[in-house]
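When reading the values below, keep in mind they use all heavy atoms of this one structure, side chains included, and skip hydrogens, waters and symmetry mates. Chain letters run A, B, ... following the sequence lines, proteins first, then strands; residues in each count from 1.
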2 protein chains.
Amino acid sequence: MESPLLDATFAALSDPTRRAILARLALGEATVSELMQPFALSQPTISKHLKVLEYAGLIEGGRDAQRRPRRLRAEAMKDAADWIERFRDQWDRRFDNLDRHLATIKKET
Amino acid sequence: MESPLLDATFAALSDPTRRAILARLALGEATVSELMQPFALSQPTISKHLKVLEYAGLIEGGRDAQRRPRRLRAEAMKDAADWIERFRDQWDRRFDNLDRHLATIKKET
DNA sequence: CATCTATATAGCCATATGGCTATGGAATCA
DNA sequence: TGATTCCATAGCCATATGGCTATATAGATG
């Protein structure tokens, strides 16, 4: 039931800067300087965001000389998507049941 | 690009208690006392969680005498699901491109 | 070696979050 | 009316979060 990683994933997704970073990384690997570029934020602030994303398992880092290029890890994202999907299934079934129930009532009258 | 509601939705989903409450509400309307029942948490704490969920647009409240039954609103959840899905599309396309690229390279050798 | 580039880390600050207790208010019920 | 039930609100506390500046470290380069 409980899932600290899922907690961390949703929390990571709750910030617009981090979502933008993920969107950028969906296009391919990028260095910190590159990721920093679109934002009016300091470099340490970006590094902090990257740490949050890494903690959530959403990205991982490599190394290329002084650079620490980040790339996506899609699995954590999938866990989040799965939770919502399972939720939606349950929700949909509920309406199916309601539909059947209403149909039954209609039949009975 | 920015979306305060999406921020709020993901933030709301990042807490296990709130996800459990949503799962319960997927089964149908429930009062605060009913929602409280599975948890070792005080009533005001549950009310606070409900407020967070309501702020995120994930639930809404009705009234029945002293009771304040809550029910789901699926739309906000859908926004979150949509964001992830659009993300995944982009991500998948990237691999498609990579596949094509590799195929091209292979052809050329 | 000296320096420059790329990034991380430390530490500060203000605000948000998640828990609690205490209290208040509205309906119901005796 | 008075007590009880259901819930909200206020206020406190500890910790987390998101921003910053200043500084440290690692690798490249003159």
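- Distances shown here put a side-chain N or O of A:His49 below 4.0 Å from the OP1 or OP2 atom of D:dG19.
- Judged purely by atom type and a 3.5 angstrom limit, A:Glu34 uses its side chain to pair as donor or acceptor with the backbone of A:Thr31.
- Residue A:Arg18 places none of its side-chain N or O atoms closer than 4.0 Å to OP1 or OP2 of D:dT17.
- For A:Met36 and C:dA8, the CE to C1' distance is 13 Å, given to the nearest whole Å.
- Annotation: proximity of residues 53-69 of chain A to DNA chain C (heavy atom, distance under 4.0 Å) is found for A:Gln66, A:Arg67, A:Arg68, numbered in ascending order.
- The interatomic distance linking B:Asp15 (CG) with D:dT17 (P) rounds to 12 Å, in whole Å.
- In this structure, the CG atom of A:Leu50 is 16 Å from the P atom of C:dA6, given to the nearest Å.
- Atom C1' of nucleotide D:dG18 and atom CD1 of A:Ile21 are separated by 12 Å, given to the nearest angstrom.
- Using a cutoff of 4.0 Å between basic side-chain nitrogens and carboxylate oxygens, A:Asp82 and A:Lys78 are scored as salt-bridged.
- One finds no salt bridge joining A:Glu60 and A:Arg70 here, because no Lys/Arg side-chain nitrogen approaches an Asp/Glu carboxylate oxygen to under 4.0 Å.
- Ion pairing between A:Arg93 and A:Asp89 fails under the 4.0 Å rule for side-chain N and carboxylate O.
- Atom CZ of B:Phe39 is surrounded by more than 12 heavy atoms from other residues, nucleotides or ligands within 6.0 Å.
- We find that CD1 of B:Ile46 is positioned 16 Å from C1' of D:dT9, with the value rounded to whole Å.
- Under 4.0 angstrom from either OP1 or OP2 of D:dA8 there lies at least one side-chain N or O belonging to B:Ser47.
- For the pair B:Gln43 and B:Lys48, both in contact range of DNA chain C, the more 5′-proximal nearest nucleotide belongs to B:Lys48.
- Summarising the geometry, the separation between CD on B:Glu2 and P on D:dG18 is reported as 14 Å, rounded to the nearest angstrom.
- To the nearest 0.5 angstrom, A:Leu35 atom CG is 10.0 Å from A:Glu29 atom CD.
- Counting only distance, with no hydrogens or angles, the side chain of B:Asp64 and the backbone of B:Arg67 share no donor-acceptor pair below 3.5 Å.
- Atom P of nucleotide D:dC6 and atom CD of B:Glu29 are separated by 16 Å, given to the nearest angstrom.
- If you check every strand for non-hydrogen atoms under 4.0 Å, B:Ala12 touches nothing.
- A sub-4.0 Å separation between OP1 or OP2 of C:dG19 and a side-chain N or O of B:Thr45 is absent.
- Note: CG (A:Leu41) to C1' (C:dA8) measures 17 Å, nearest angstrom.
- For the atom pair A:Asp79 CG and A:Ser3 OG, the distance stands at 7.0 Å (nearest 0.5 Å).
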Subject >> Strand DNA chain C as a dot-bracket string - pairs counted if Watson-Crick or G-U with both distances under 3.5 Å, | where the partner lies in another strand >> reply: ||||||||||||||||||||||||||||||
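- The CG atom of A:Leu5 sits 10.0 Å away from atom CD of A:Glu75, with the distance rounded to the nearest 0.5 Å.
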